[in-house]
Amino acid sequence: MPESPDISPLHEGLVTRSTGSWYDVRVGTRTVPCKVRGRFRLEESDETNPVVVGDRVSIRQLPDDSGVIEDVHERETVLVRRAAGRRVGATQVIAANVDRAWVVQSVDFPRFNPGFVDRFLVMAEVHRIRAGIVVNKSDLLDRRTTGPVMDWVDLYRAIGYPVLLASAITGHGIAEFASELSGHVTVVAGPSGVGKSTLLNAVDPSLDLRTGGVSLKHRKGMHTTTHAVLLPVSGGGYVADTPGLREFGLVDLDPPHLSHYFREIEPFVNECRYPGCTHDHEPGCRVAEAVSEGLVSEERYASYLGMLASLHLGDRDVGR
Ligand SMILES: Nc1nc2c(ncn2[C@@H]2O[C@H](COP(=O)(O)OP(=O)(O)OP(=O)(O)O)[C@@H](O)[C@H]2O)c(=O)[nH]1
Ligand SMILES: [Mg+2]
Ligand SMILES: [Zn+2]
């Protein structure tokens with residue numbers, strides 16, 4: 001039977017904008033605004049969003065030049081967190097098919113948040129995405145902020161994570177950040193107000209991303225970026241700017257596996273005398289020893305214990 005003439009052929013594309021109801025899909029050099037075929041929304045019920053930036057999709061074009069996403073191709077990587085708000089406990093995919101993930105923090109307004117960083121790093125390790133940390137607003141380093149911030153910078157560098165100090169205002173570190181983005185598919189995420197969009201504008205002013213203020217009273221951002229966008233990077237590749245996140249909850253993770261995702265703790269895990277050691281109370285635990293010997297920092301060990309407790313509470317941090 002001949003194909004019905006009103007069924008147009010499928011096109012392969014890349015999702016470059018995700019608003020939750022509309023998606024921009026890049027097909028060749030065109031950008032096609034698309035909706036998602038209804039069944040996707042219902043089938044993937046434990047995810048808050050069936051289609052995200054970085055997804056490769058098949059679309060069917062409609063006569064009015066919009067399109068319908070018919071299929072989402074299997075993802076190579078995902079950056080995920082436990083969703084907050086209305087869908088708390090559900091998995092929120094932030095971006096797909098990225099090979100790099102930078103967590104952005106700021107020196108101040110808002111303050112550096114190591115708990116956020118540690119959870120982000122764990123989730124990047126779980127999904128095998130190379131992670132790094134950008135500490136923006138280096139122009140705000142002063143007598144009060146320098147000590148604590150540089151302690152965190154030194155700690156994460158010692159563990160082996162790349163840490164960039166940058167200022168979107170003075171241009172400090174921007175060339176280095178630009179060269180890190182070049183040739184990769186990167187997601188940039190972090191709390192609201194740390195300067196993610198301002199940083200990307202500094203890398204490429206033609207992006208012209210909207211940026212907002214920070215409440216001086218609460219030292220918090222205003223949630224200026226409202227949906228994720230995937231932007232081309234000069235020299236090749238893409239970078240996703242994403243909306244500010246209040247927290248980065250764990251998903252896809254069982255408590256016994258947690259220690260393996262702390263890079264500097266992992267080498268001591270196999271030296272523990274008890275198989276199945278939780279490394280939180282067992283006498284003679286090699287991890288606890290490593291902490292007392294200064295081989296693992298108190299801060300990161302505390303972070304491990306905090307995450308372990310939250311996973312054990314049976315809250316919905318626990319993965320499938
Ligand atoms: N002092 C200083 N302020 C900066 C710097 N980078 C950004 N800002 C300011 O920080 C505020 C927030 O910047 P945005 O780029 O909107 O922050 P964001 O991380 O994209 O925030 P959301 O989109 O809400 O997630 C703006 O007032 C920027 O001007 C910096 O390097 N130094
Ligand atoms: Mg923004
Ligand atoms: Zn142990």
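Two different hydrophobic clusters hold Ile94 and Val233 under the rule that ILVMFWY side chains link at heavy-atom gaps under 4.5 Å. Residue Leu295 is grouped with residue Leu305 when hydrophobic side chains (ILVMFWY) are merged at heavy-atom distances under 4.5 angstrom, including chains of intermediate members. Val104 and Val214 are members of different hydrophobic clusters when ILVMFWY side chains are connected at heavy-atom separations under 4.5 Å. A continuous path of ILVMFWY side-chain contacts below 4.5 Å connects Ile133 to Met150, so both sit in one hydrophobic cluster. Val117 and Phe109 fall within a single hydrophobic cluster, where Ile, Leu, Val, Met, Phe, Trp and Tyr are joined by side-chain heavy atoms under 4.5 Å apart, directly or via other members.
The two residues Ala131 and Ala124 have their closest heavy-atom pair at CB-CB, 3.7 Å. In terms of heavy atoms, Ser310 sits closest to Arg119 at OG-NH2, 3.5 Å. The two residues Cys285 and Cys277 make their nearest non-hydrogen contact at SG-SG, 3.9 Å. Shown here for Gln61 and Val32, the closest heavy-atom pair between the two residues is OE1-CG2, 4.4 Å. Closest approach of Gly193 and Lys137 over heavy atoms only: O-NZ, 2.7 Å. Pro50 and Arg75 get closest at one heavy-atom pair: O-NH2, 3.2 Å.
Using a 3.5 Å distance cut-off with no hydrogens or angles, the side chains of His127 and Asp252 do pair a donor with an acceptor. Between the side chains of His73 and Ser58, a donor-acceptor pair is found at a separation under 3.5 Å. Ser303 and Glu299 share no donor-acceptor pair across their side chains, judged by distance under 3.5 Å alone.
Between the Ser138 side chain and the Ala166 main chain, a donor and an acceptor come within less than 3.5 Å of each other. Thr145 places a side-chain N or O within 3.5 Å of a backbone atom of Asp142 that can act as its donor or acceptor partner. A donor-acceptor contact shorter than 3.5 Å is absent between the side chain of Asp241 and the backbone of Val229. Checking side-chain atoms of Asp139 against main-chain N and O of Ile169 turns up no donor-acceptor pair under 3.5 Å. Side-chain N or O atoms of Glu282 include one that pairs as donor or acceptor with a backbone N or O of His279 at under 3.5 Å. Under a 3.5 Å cut-off, the side chain of Asp64 and the backbone N or O of Ser66 do form a donor-acceptor pair. Side chain of Lys196 to backbone of Pro191: a donor-acceptor contact under 3.5 angstrom is found. Asp24 places no side-chain N or O within 3.5 Å of a backbone atom of Thr31 that could act as its donor or acceptor partner. Not a single donor-acceptor pair under 3.5 Å links the side chain of Asp204 to the backbone N or O of Asn201. Between the side chain of Arg210 and the backbone N or O of Thr224 there is at least one donor-acceptor pair closer than 3.5 Å.
Aromatic ring orientation, Tyr304 versus Phe262: perpendicular (interplanar angle above 60°, classes split at 30° and 60°). Ring geometry for Phe177 against Trp102 counts as perpendicular: the plane angle is over 60°, on a 0 to 90° scale with 30° as the lower cut.
A 4.5 Å side-chain heavy-atom check between Val134 and Val103 finds every atom pair outside the cut-off. Between Leu200 and Leu181 there is a side-chain heavy-atom pair separated by less than 4.5 Å. Side chains of Lys35 and Ile69 form no contact here, defined as non-hydrogen atoms less than 4.5 Å apart. Inter-residue side-chain proximity for Val135 and Val153 is flagged as met; some heavy-atom pair is nearer than 4.5 Å. Between Leu308 and Asp280 there is a side-chain heavy-atom pair separated by less than 4.5 Å. Using a 4.5 Å cut-off on side-chain heavy atoms (C-beta onward), Arg300 and Tyr156 make contact. Inter-residue side-chain proximity for Ile59 and Val27 is flagged as met; some heavy-atom pair is nearer than 4.5 Å. By the 4.5 Å heavy-atom criterion applied to side chains, Ile129 and Val187 are not counted as neighbours.
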Passes side chain to side chain contact (heavy atoms under 4.5 Å, CB included), Arg26 versus Tyr238? Steps please.
CA-CA 12 Å; Arg26 191 152 155 152; Tyr238 288 92; 3.8 Å; yes
Check against side chain to side chain contact (heavy atoms under 4.5 Å, CB included), Val239 and His184:
CA-CA 8 Å; Val239 60; His184 293 281; over 6 Å; no
Start with the C-alpha distance between Leu258 and Val122, add both sets of side-chain angles, then the distance that settles side chain to side chain contact (heavy atoms under 4.5 Å, CB included), and finish with yes or no.
CA-CA 8 Å; Leu258 179 64; Val122 163; 4.1 Å; yes
Take Val68 and Val36 through the test side chain to side chain contact (heavy atoms under 4.5 Å, CB included) and record every step on the way to the result.
CA-CA 6 Å; Val68 176; Val36 176; over 6 Å; no
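Heavy-atom neighbours of Glu74 CD from other residues, nucleotides or ligands within 6.0 Å: at or below the threshold of 12. In the displayed structure, Arg128 atom CZ is contacted under 6.0 Å by at most 12 heavy atoms of other residues, nucleotides or ligands. Surrounding CZ of Arg219 are more than 12 heavy atoms belonging to other residues, nucleotides or ligands, all under 6.0 Å away.
Salt bridge absent: Arg37 and Asp71 never bring a charged side-chain N and a carboxylate O closer than 4.0 Å. Ion pairing between a basic and an acidic side chain is recognised when a charged N comes within 4.0 Å of a carboxylate O; Glu125 and Arg263 show such pairing. Salt bridge Glu180/Arg130: absent, no basic N to carboxylate O contact under 4.0 Å.
Geometrically, Arg17 does not engage Tyr23 in a cation-pi contact defined by less than 6.0 Å to the ring centre and at most 45° from the axis.
For the atom pair CG of Asp99 and OG1 of Thr186, the computed distance is 6.0 Å after rounding to the nearest 0.5 Å. Between Leu230 atom CG and Thr242 atom OG1 the span is 11.5 Å, to the nearest 0.5 Å. In this structure, CD in Glu70 is found 10.0 Å from SG in Cys34, a value given to the nearest 0.5 Å. A distance of 9.0 Å separates CG of Leu164 from NE2 of His172, quoted to the nearest 0.5 Å. Atom OG of Ser179 sits about 11.5 Å away from atom CD1 of Ile174, to the nearest 0.5 Å. Here the straight-line distance linking atom NE2 of His223 with atom OG of Ser192 works out to 4.5 Å at 0.5 Å rounding.
Checked against Ser197 for a side-chain hydrogen bond (donor to acceptor under 3.5 Å, both in side chains), the options Thr211, Asp208, Thr225 give a single hit: Thr225.
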